[in-house]
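Data first, discussion second: the structure below is written as structure tokens.
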Amino acid sequence: MTRHLLSAIAAMAASGALQAAPLQVATFENLPLEGTESYWWGDPEEMMSDFTDGSFTFPNYCMESYQTWAFFGYSNRTATNFETLFPDQFNSAVGSGADKSKVYAVVYAADFMGHCDVIVGDGETPAKVDGTWVTNAAYTFSSITQGDAFAGDAFTKNDWYKVTFIGLDKDGETTGSVDFYLADYRSENSSSWYVLDSWQWCDLTPLGEVCSIRVTVDGTRKGSFGLNTPAYLCIDNFGDACPVTTAETLAVNPADPTFDIKQYFTFNADAAPVEYSIINSTTDATIEGSTVTLTGADFANKTVTVRAMQKGCAEYVAIPLATTTGINTIDATGMPEVKIAGRIISASDNVTAIDVFTTAGTIAAHTQGNALDASMLPAGVYIVRATSTNGTTAIRVALR
């Protein structure tokens, strides 16, 4: 019986019927530290060691007698300045972990020390890693913004500093790579220049299924022996999924299936350019600027996930879609029915009032009755609320 059971399990594994357990996020919160405002930079008894958190193992190199370490350590320090190597190299540019957590990992990816590889799971079974949160270490942030004896003056036009995540299979072959710029001064528009001082999510899914992930850094400030910018960064919640928020359902007229997505994001476009993109969609869609056009034949009950980026920071929103139940007709709940014909909003005979709100909640138009001319409103997305003797219907509409 046991032999047959083992044979069945082997057959299931070979066919893919057995699925590996989901990867657990490395939050670093439960790793041992000696109180507050402290850090771990290696085992003084072992030159090469590692630590495991979630489904990931992080290597460490430490020579305490030479005050030297490399690869991965972790910290709960809240200071964001850099004055002396110890302890300030273990400060982040934020002063906390992602989402205000206490502990974060510090990466010293000096290539002359060897490869800085995160082991995924058992290191033998390929798995897809969703992403990780990243920010600058205080040491690197100080070098970029103020300059130092090694890297020279503060960054200026055309300078950059980035981390690259490289996916590796069990044989060490590359599966893909992802670049994430921690500082970027390449734009012709200086308002777009930035040095990251907040936690941002980095998408690692383009690496595919991996057994390990190599972390490298690079930049423009180099000398005879390689990179002069301090080769540090901080990471947190390694393996975390995309921080997407879900908007209210957007009702779109099939006769004009376009809508603007600026109102879904908090960025101030007057401060610096904002770049918009579609990162996932269950229906065919294109984007130009901030305008999404649905090109699929049917987009009812579908979702478009969009991203806005400004100065290295990103926000993600999933927009559920609904279509009209006839030409320019939206029936959200069965009570009362609301119709959109151009800029005329009309509703069931028993509707006693129609209110139109901006997505920020400010009232934009009101009428006592069951019809409202919205031609005076700027194009955009609004919430229409129709009140009747039977109840209230509130729907989101795009006015062109």
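For clarity, every value in this text was computed on a predicted model and none was experimentally measured.
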Requested in this report: For the pair Thr27 and Asn237, evaluate side-chain hydrogen bond (donor to acceptor under 3.5 Å, both in side chains) and give the outcome as yes or no after the intermediate values.
Outcome: CA-CA 4 Å; Thr27 66; Asn237 294 345; 5.2 Å; no
Query raised in the report: Run the side-chain contact (heavy atoms from CB on, under 4.5 Å) check on Leu31 and Leu33 step by step: do they pass?
Result: CA-CA 7 Å; Leu31 295 173; Leu33 283 169; 5.8 Å; no
Requested in this report: List the steps, then state whether side-chain contact (heavy atoms from CB on, under 4.5 Å) holds for Tyr139 with Thr229.
Outcome: CA-CA 9 Å; Tyr139 188 7; Thr229 301; over 6 Å; no
Query - Derivation and outcome, side-chain hydrogen bond (donor to acceptor under 3.5 Å, both in side chains), residues Asp179 and Thr164 - result: CA-CA 4 Å; Asp179 289 334; Thr164 300; 2.6 Å; yes
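Note that CG of Asp117 is 8.5 Å distant from CD1 of Ile166, once rounded to the nearest 0.5 Å.
A side-chain donor-acceptor contact under 3.5 Å links Asp373 and Ser375. For the 3.5 Å distance criterion, the side chains of Asp99 and Ser101 fail to qualify, holding no donor opposite an acceptor. For the 3.5 Å distance criterion, the side chains of Glu209 and Thr175 fail to qualify, holding no donor opposite an acceptor. Between the side chains of Glu288 and Thr293, no donor-acceptor pair is found at a separation under 3.5 Å.
Between Phe28 and Phe238, the ring center distance fails the sub-6.0 Å criterion. Remark: aromatic rings of Tyr108 and Trp41 are distant, center separation not under 6.0 Å. Checked against the 6.0 Å centroid criterion, the rings of Trp133 and Tyr104 do not qualify as a close aromatic pair. The aromatic ring centroids of Trp201 and Phe180 lie 6.0 Å or more from each other.
The cationic group of Arg186 lies under 6.0 Å from the six-membered ring centre of Tyr181 and within 45° of the ring axis, placing it in a cation-pi geometry.
Using a distance-only test at 3.5 Å, with no hydrogens or angles considered, a donor-acceptor pair links the side chain of Asn136 to the main chain of Leu196. Not a single donor-acceptor pair under 3.5 Å links the side chain of Lys262 to the backbone N or O of Thr291.
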